[in-house]
There are 2 protein chains.
Amino acid sequence: MADDRLDTRSHIRATALRLFRDRGYAATTMRAIAEEAGVATGNAYYHFASKDHLVQELYLDVNRDHAARVRATLDAGGDLTSRLRAVLLASVDAFGDYHAFGSEFVTVAIRPGSAASPFSPASAEARELSQALYREVVDGATPAVPEALRGELPELLWLAQLGVTLFWVHDGSPGARRTRALVEGAAPLVGRLVRLSRLPVLRGAVDDLLGLVRTVRA
Amino acid sequence: MADDRLDTRSHIRATALRLFRDRGYAATTMRAIAEEAGVATGNAYYHFASKDHLVQELYLDVNRDHAARVRATLDAGGDLTSRLRAVLLASVDAFGDYHAFGSEFVTVAIRPGSAASPFSPASAEARELSQALYREVVDGATPAVPEALRGELPELLWLAQLGVTLFWVHDGSPGARRTRALVEGAAPLVGRLVRLSRLPVLRGAVDDLLGLVRTVRA
DNA sequence: GCCACCTCTTGAACATGTTCAACTGAACAT
DNA sequence: ATGTTCAGTTGAACATGTTCAAGAGGTGGC
């Protein structure tokens, strides 16, 4: 019962994540986590401010998994479309273990006040990990992404991943088929648009978009 | 206490919506709604399956308000950009009353299983009301929107509104300034892209996009 | 009149996230 | 040794969404 217990905090963390994976969010009560970890309910709250904070730990795990899955692809080069496609599909895979309860978890994540929100301070580590992947997607692409886009594109692609995840949540198809179809279609479209962005006719639209992104970010 | 009480159901509904508006989602307990309405707690559950279903009623109200706000604009004609801009800004205004608690409500709405989700069967009336507005935005625009886009664009714009709302939720700026800036920038960008979509160079990208939309919708 | 049925209503009971006052025990100062 | 402090721990208590067995009251059949 106290074998792998380096310290109480990480023991509770590990217990919670296991239960989340096995039972989902709602079915994993704080009492169950505490009991399974062999501590009192209140103790879990001493180490984690809320259930959301435990979910946030789960997101961190998923993001680490995602990063590990795409390491080889990112190092291998390739064009923007194939890199983006691979990274987005890998994110679907990384979430795959939680597919049954995916909607529950993303629900928690989208709550603006939630610690598990991708925008929350508590998620900073997971967010930066994930955003770094898309920076690599862009910077390592050959042929190179046009200079003008290189600054903002990674963040836009990261947002696109959040969109894909949101879609995935509502996607009841087996094996997330529809979500994968979305990625298969969207990645080449992004690649094509990035290539087209060099054309003079599109210069205005591209400038508008970049200006909008910069304005809105502040 | 029983003055304006046509029937219990609508009395509970009205009471709940008032409390939601005044106190927000979390602070409005089912007990408070029932007590304020002068019925037992369980009675509220007889008429509304869950608290989410009451929130869904609130969304219906907001959507009706939105539709009323844009009636004149839609009847007046104008180009796509100005029509889209007006309708999106009006949606920000319609949600304005709930700005303080906006994040709470949208949180509820985004939960996939939730009755308040824009995609839920329970929200069908609100959804169709809202989607119809964007069909009008597109169909009533002069110069006319290219034939090829007229089918899918309304739904895409409706999704864009959901995106704007999601942004608004995370937008802490006074008067939702950043959200309005997003709309002010995005509407002309959409207008410009729709105009450009006629160009032969973009034909491929447009076809890809439309194909993607059709594939993914199923 | 009486019974069966059905809609509507009640309020106690339940499960769960969260809080909190009290307790433990180790580290440290005197 | 003794006292002090404080991070860590406990479990009962609380608030709230939700459920449910019980009943009220009306309507129609006989």
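Letters A, B, ... mirror the listed sequences (proteins, then strands); counts begin at 1. Just so it is clear, the structure is predicted and the values come from calculations on it, not from any experiment.
Between Tyr45(A) and Gly42(A), the residue anchored closer to the 5' end of DNA chain C is Tyr45(A), taking for each the nucleotide with the nearest heavy atom. Nearer the 5' end of DNA chain D, as judged by each residue's closest nucleotide, is the contact made by Ala44(A), out of Arg31(A) and Ala44(A).
Judged by Watson-Crick or G-U wobble contacts below 3.5 Å, the nucleotide dT2(D) has dA29(C) as its partner.
Between Asn43(B) atom CG and dA12(C) atom P there is a gap of 15 Å when expressed in whole angstrom units. Going from atom NE2 of His11(B) over to atom C1' of dT9(C) covers 14 Å, rounded to whole Å. dA15(C) atom P lies 14 Å from atom CD of Glu35(A), rounded to whole Å. Spacing between atom CG of Asp7(B) and atom P of dT7(C) amounts to 16 Å, rounded to whole angstrom units. dT10(C) atom P lies 14 Å from atom CE of Met30(B), rounded to whole Å. The interatomic distance linking Ile33(B) (CD1) with dT18(D) (C1') rounds to 13 Å, in whole Å.
Within residues 52-61 of chain B, no residue has any heavy atom under 4.0 Å from DNA chain C. At a non-hydrogen distance threshold of 4.0 Å, nothing from residues 16-29 of chain A comes into contact with DNA chain D.
Comparing dA13(C), dG17(C), dG11(C) against the side chain of Ala40(B) picks out dG11(C) as the nearest. Picking from dT18(C), dG17(D), dT7(C) the nucleotide with the shortest atom distance to the side chain of Tyr46(B) gives dT7(C). Here the nucleotide nearest the side chain of His47(A), chosen from dG17(D), dT9(D), dT9(C), is dT9(D).
Not less than 6.0 angstrom separates the ring centroid of Trp168(A) from the ring centroid of Phe105(A).
One N or O on the side chain of Thr28(B) and one on the backbone of Gly24(B) form a donor-acceptor pair closer than 3.5 Å. Looking at Ser130(B), its side chain never comes within 3.5 Å of a backbone N or O of Ala126(B) through a donor-acceptor pair.
Neither OP1 nor OP2 of dG17(D) sits under 4.0 Å from any side-chain N or O of Thr41(B).
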| field | Arg127(B) and Trp158(B): CA distance, side-chain angles, deciding distance, side-chain contact (heavy atoms from CB on, under 4.5 Å) verdict | value | CA-CA 9 Å; Arg127(B) 178 173 58 252; Trp158(B) 177 73; 3.6 Å; yes
| message | Run the salt bridge (Lys or Arg N to Asp or Glu O under 4.0 Å) test on Asp61(B) and Arg13(B) for me, step by step, so that the C-alpha distance in whole Å, both residues' side-chain angles and the decisive distance to 0.1 Å come before the verdict. | response | CA-CA 11 Å; Asp61(B) 263 25; Arg13(B) 189 195 123 107; 2.6 Å; yes
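At a threshold of 4.0 Å, the pair Arg180(A)-Asp93(A) counts as salt-bridged, since one of the basic side-chain nitrogens sits closer than that to a carboxylate oxygen. Between Arg83(B) and Asp79(B), none of the side-chain N atoms (NZ, or NE/NH1/NH2) sits under 4.0 Å from a carboxylate O, so this pair counts as no salt bridge.
Taking a 6.0 Å sphere around CZ of Arg177(B), one finds it holds 12 or fewer heavy atoms contributed by other residues, nucleotides or ligands. Around atom CZ of Arg85(A), no more than 12 heavy atoms belonging to other residues, nucleotides or ligands sit under 6.0 Å away.
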